[in-house]
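Letters go in sequence order (proteins before strands), and every chain restarts at 1.
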Protein chains: 2
Amino acid sequence: MTPRAGLDTDAVVATAAGLADAHGLDAVSLTRLARELGVRPPSLYAHVAGLPDLRARLAARGAAELADALRSAAAGRARGDALHAVAAAYRRYALAHPGTYQALQRAPDLEGGQAGAALVDVVLAVLRGYGLRGHRAIHGARAVRAALHGFVLLETREGFGLPLTVEESYRRLVAILDRGLSAA
Amino acid sequence: MTPRAGLDTDAVVATAAGLADAHGLDAVSLTRLARELGVRPPSLYAHVAGLPDLRARLAARGAAELADALRSAAAGRARGDALHAVAAAYRRYALAHPGTYQALQRAPDLEGGQAGAALVDVVLAVLRGYGLRGHRAIHGARAVRAALHGFVLLETREGFGLPLTVEESYRRLVAILDRGLSAA
DNA sequence: TCGATCCTCCTATAGTGATTAGGTTTTGTC
DNA sequence: GACAAAACCTAATCACTATAGGAGGATCGA
C-alpha cells in the first residue's frame, strides 16, 4: 500500500548535496532531509550512520567530484596553461557547489582519505610540468592548494566587500603562483 | 547567600573563546558555556542575545585581536620584511586560537564590519610598501589574504598529511607572494 | 541605616533535532 | 506462496536553544 521511497545511500547523499548547495550546509538536518525524501527521520539511519557520517559522505563525494573536474581541466595541458585551467575548474566547482564545498572544509581527516589524496595528486601532476619533484613539489602543492582554497573561501563567505572584479583578482593570484613556481 | 558569578558580556565571551580554542567552536554551546561559568543556561541571555550573537561577538573579538597582532608585526618594517612578519603573526594567531579563528570564518558579513576592515587595512598598508595603490593594491590584498587564510586553514583542518615541515612550506608561500607583488 | 530599584540568576516550560529501540510491511528469492 | 532481508514506521529519550516570570543580592539616595 505504502509506495516506499526506494532509497539507498547514494540517493540520500545526493539529495543532501542538493540541499546543501541550495540552502547551505547548515540546512542539512536529518529532519529536513527526511522531509525532502518523503520519509521519517529515523528511516535515514538505514542508509547513513548519522549526521556526522552523512557529512563525511558529502565531503567524500565532493572531493571525488572536484578531483575529477581538476583532472579533466589538467588533461592535455602543461605549466601555466595547466595551472590556470585547474585553478579555473577549482573555483568553478566551488561556486557551483557551495554547500558541498563547505562540507569538504569541515571534513577533518577524511580529506586525507582516498578522494583527498586524489586531489593532491592532480596538483602534483601539474607541478611536475614545472620541473618540481620531491620536497619542492610538495611545498609547491601546498602553496597552490592554500591559495586557491583561501580565495574561494573568501569569495563565497565574505564576498570581498569591495566592488572590483573578482575574476581579475583570481587571474592575478594564479599568475603570481605561476611566476613563483617557475622561479622555484 | 548565593555567591553570584558576577558575569558580564566580556567575561562570557572570553570564556567562550577559551572553550572554543580548547575544544573547537562546535563545543561552544550555551549549555556547556553556562556549566563552565557555574551558571544555568538561561542566565546567559542577560549578557548575550543568544547563540548567534555569541558567535558574532566571538568573531568580532577575534578579528580585533588578529588585527592588533598584524599591526604590531608590520610596525617598523617594509616590503618583504613586513610581509613575512605579518604572515608569521597571522599564522601564529590562528594556531594559538583555533576556535576563535574558526569563529572568524563563520562570520558572514560581520567580518565586513569594523574589525574586518581593520584587517584589510593592515594588508593594504603593507602593499603600499610595494608601491601598489588602487586596483592593484586591492588585487594584491586579496591574493595575500587568500594565501595566508587558505594555508592556515589547510594546516589546522586537514593537517597536511605528508611529513614535511610546514614552516618551510609557509615560508616559501610567502616568498612566492613577495616575488609576485614585487613584479606587479 | 532603611528602602526602592536594578540587575543577576533562578525555576519552569516549550520546542526542535539527533538518535535508539523495537515492531511492521514491502520486496526479492526459492 | 513462504521466508528472509531490508525499508520504514511509531514511540521515546536526550541535548540544546529559547522564553516567561519570579526571587534575591547589590547599589544608591535619603
Rounded to the nearest 0.5 Å, how far apart are CG of A:L66 and CZ of A:R61?
13.0 Å
How many Å lie between CG on A:L54 and C1' on C:dT19, as a whole number?
14 Å
What is the distance from CG of A:L44 to C1' of C:dA21, rounded to the nearest Å?
17 Å
Which whole-number value in Å describes the distance from A:L37 CG to D:dA7 P?
14 Å
Check whether A:Y90 reaches the backbone of A:A69 with its side chain - one donor and one acceptor, N or O, closer than 3.5 Å.
no
Report the nucleotide, chosen from D:dA7, D:dT10, C:dC10, that has the shortest atom-to-atom distance to any side-chain atom of A:R40.
D:dT10
In terms of side-chain geometry, is the basic nitrogen of A:R171 or A:E167 positioned less than 4.0 Å from the acidic oxygen of its partner?
no
Between A:P42 and A:A46, which residue's closest nucleotide on DNA chain D lies nearer the 5′ terminus?
A:A46
Nearest heavy-atom neighbours spanning A:A20 and A:L58
CB-CD2, 4.4 Å
Could you tell me how far apart A:H47 (NE2) and D:dC8 (C1') are, to the nearest whole angstrom?
8 Å
Looking at B:R136, I want to see if its CZ is surrounded by more than 12 non-hydrogen atoms of other residues, nucleotides or ligands under 6.0 Å.
no
Specify the separation, in whole Å, of atom CZ of A:R35 and atom C1' of C:dA18.
14 Å
Output the single nucleotide from C:dA18, D:dT19, D:dA7 whose closest atom is nearest the side chain of A:Y45.
C:dA18
Any idea which of D:dC9, D:dA18, D:dC16 is nearest the A:V39 side chain?
D:dC9
Would you mind telling me which of D:dT19, C:dA18, C:dC10 lies closest to the side-chain atoms of A:L30?
C:dA18
Sugar-phosphate, base or nothing in reach of B:T31, heavy atoms under 4.0 Å
base
Without decimals, in angstroms, what is the distance between A:D53 CG and C:dA18 P?
14 Å
From CG of B:L33 across to C1' of C:dC9 the rounded distance in Å is 15 Å
Let's see if you can work this out: which of C:dC9, C:dT19, D:dA18 has an atom nearest to the side-chain heavy atoms of B:S43?
C:dC9
Closest to the B:L51 side chain, choosing from D:dT17, C:dA18, C:dC10:
D:dT17
